[in-house]
Amino acid sequence: AIAAVRERTSSAGTDTSAQNAAKNFFHANFPNGYLGVNPPDPTVNLQTVNGAWVATVTASATSPTYFAKVLGFNSFNVGAHSEATKPALDMMLVLDCTGSLAPPYSPSTTFPRLKAAAIYFINQFQSASGGDRIGLVTFSNGVGNFSEGFIPIDKTSTRGFDRTAMTNAINNLSASGWTASAEAMRRAFAELNAIPTSLRSAHRVIVFFSDGAPNTIAGNFSAFSGAPNGDLPSGLSTRGFPNSFYSSLSRDNSLGAHSVSSLPQTMDYSYTGSYIDPKTSQSTPRYEALTQTISLQSYDNKRSLSTSIANNACNVNKAARNMLENIANTARSGSGNDAVTVMTLGLGSELYSLELDCPDYGADTPGNTEYGANILRRLANTKDPDPNYPSRYSVPVDTYNSSQPTGLFCWARTDNDLTPCFNAIANAILRLSK
């Protein structure tokens, strides 16, 4: 039954191919002659119920008896019935498009293989009307607009997604910039929450890919007390993508000791540009007009920001990590069907090293919980060690929350492992079937 519902919800799935998949699995497990029986094909029925595919499989056979023959029973009928449901899916795919994915930091094959793996991944899901909803967010210094890889999720009862638009958007991506992961996670979560409550699917998922830990933050800042009007000191960028903000904080020694004991983060998106929604042909603002405050302090007190600007680069680095984990924690904390399951994929050896040597990050040694790989595990809320890496690196994540959905983290050692990792994530999502 699970084989049938998985096949039916694949990109090329039909009733016939799903029925054949169920029959193939049935006969593989119950071949002719087993226990003296030649079983007929099972009966496979498929239907949709409130946007979810349901497969019902029934089989029966006449089995010869052994000991019961002394009582006059030469055979008896055996029957089995099973039902599998794949609830409708609302999913946001979040892709890192930072400069580290391109030469000279990565082989020339890496980014093309990432795009091919991501396209393979979305092809595992049902795009037609009534199928799975999938949206796309890409990020580097900030998140991309519609022409740069942002595809909004369908928010109507029609459901489904535009596979061609998604494929084209992924194929057109380029790699550059820093790693502002938090804004991408926030945007993905906001898209899922923009679906009216009455139309949301039972399964809400964010699939998040990155090849490194967060190292910058995007938005408006009123971070330093004593600065004019509460803004940043003169010479620092006060809005937009904070490449210059990060560089200045890291390298400018003339700022003095501005207090940063309280760092409110206000994200203000009031972009006046627009994109054409491919489903409605209507002009729609690129981002929602939004002012939202996200704490730069860790929700679980994992990292504390310095109260002096002396460790400014570390403050930014910690804030970027805190914000990403804070948003993922909020997403997973929803009640009932509003909770979001987070699945994560990581690429490359840099996920097992420290990009920045902050005083309380600890030594750059195996098992460091500040490694990017362990941050990705925390996002997915999984306590399992990484099965793809030597045991000396595999430490349980110390912030696992059993009351929240448990996701999956998959690490791709090289770009050759990207498609298998995306396949593992797809399998995990499809196993959400009941």
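We use all heavy atoms of the structure for the numbers below, so side chains are in, but hydrogens, waters and symmetry mates are not. Numbers for residues simply follow the sequence, beginning at 1.
Applying the side chain to side chain contact (heavy atoms under 4.5 Å, CB included) criterion to S82, with sequence neighbours excluded, gives A1. Listed by chain and residue number, E7, T14 satisfy the side chain to side chain contact (heavy atoms under 4.5 Å, CB included) test with S17 (two or more places apart in sequence, or in another chain). Scanning for side chain to side chain contact (heavy atoms under 4.5 Å, CB included) contacts around Y105 gives S100, with sequence neighbours left out.
For the pair Y120 and N423, the minimum side-chain heavy-atom distance is below 4.5 Å.
Taking the six-membered ring for Trp and thresholds of 30 and 60 degrees, F125 and F121 have ring planes more than 60 degrees apart, a perpendicular arrangement.
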Practice problem: Test salt bridge (Lys or Arg N to Asp or Glu O under 4.0 Å) on D90 and R133 and set out the steps. | Solution: CA-CA 5 Å; D90 294 344; R133 292 186 178 105; 2.9 Å; yes
Quiz item: When you look at D15 and R8, which way does the salt bridge (Lys or Arg N to Asp or Glu O under 4.0 Å) test go after all the steps?
Solution: CA-CA 6 Å; D15 284 0; R8 187 61 185 84; 2.8 Å; yes
Practice problem: Would you check, one step at a time, whether the test side chain to side chain donor-acceptor pair (under 3.5 Å) holds for N329 with Q404? | Solution: CA-CA 9 Å; N329 179 67; Q404 296 179 346; 3.0 Å; yes
Quiz item: Given the rule in the salt bridge (Lys or Arg N to Asp or Glu O under 4.0 Å) test, do E191 and R187 qualify, once you have shown the distances and angles that lead to the verdict?
Solution: CA-CA 6 Å; E191 277 292 297; R187 183 62 188 164; 3.2 Å; yes
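A side-chain donor-acceptor contact under 3.5 Å links D417 to the backbone of T414.
A donor-acceptor contact closer than 3.5 angstrom is absent between the side chains of H27 and N32.
In the displayed structure, E350 atom CD is contacted under 6.0 Å by at most 12 heavy atoms of other residues, nucleotides or ligands.
Of the candidates R303, R377, R186, K302, R303 is the only one forming a salt bridge (charged side-chain N to carboxylate O under 4.0 Å, His left out) with E325.
To the nearest 0.5 Å, atom CZ of residue R378 and atom CZ of residue R321 are 8.5 Å apart.
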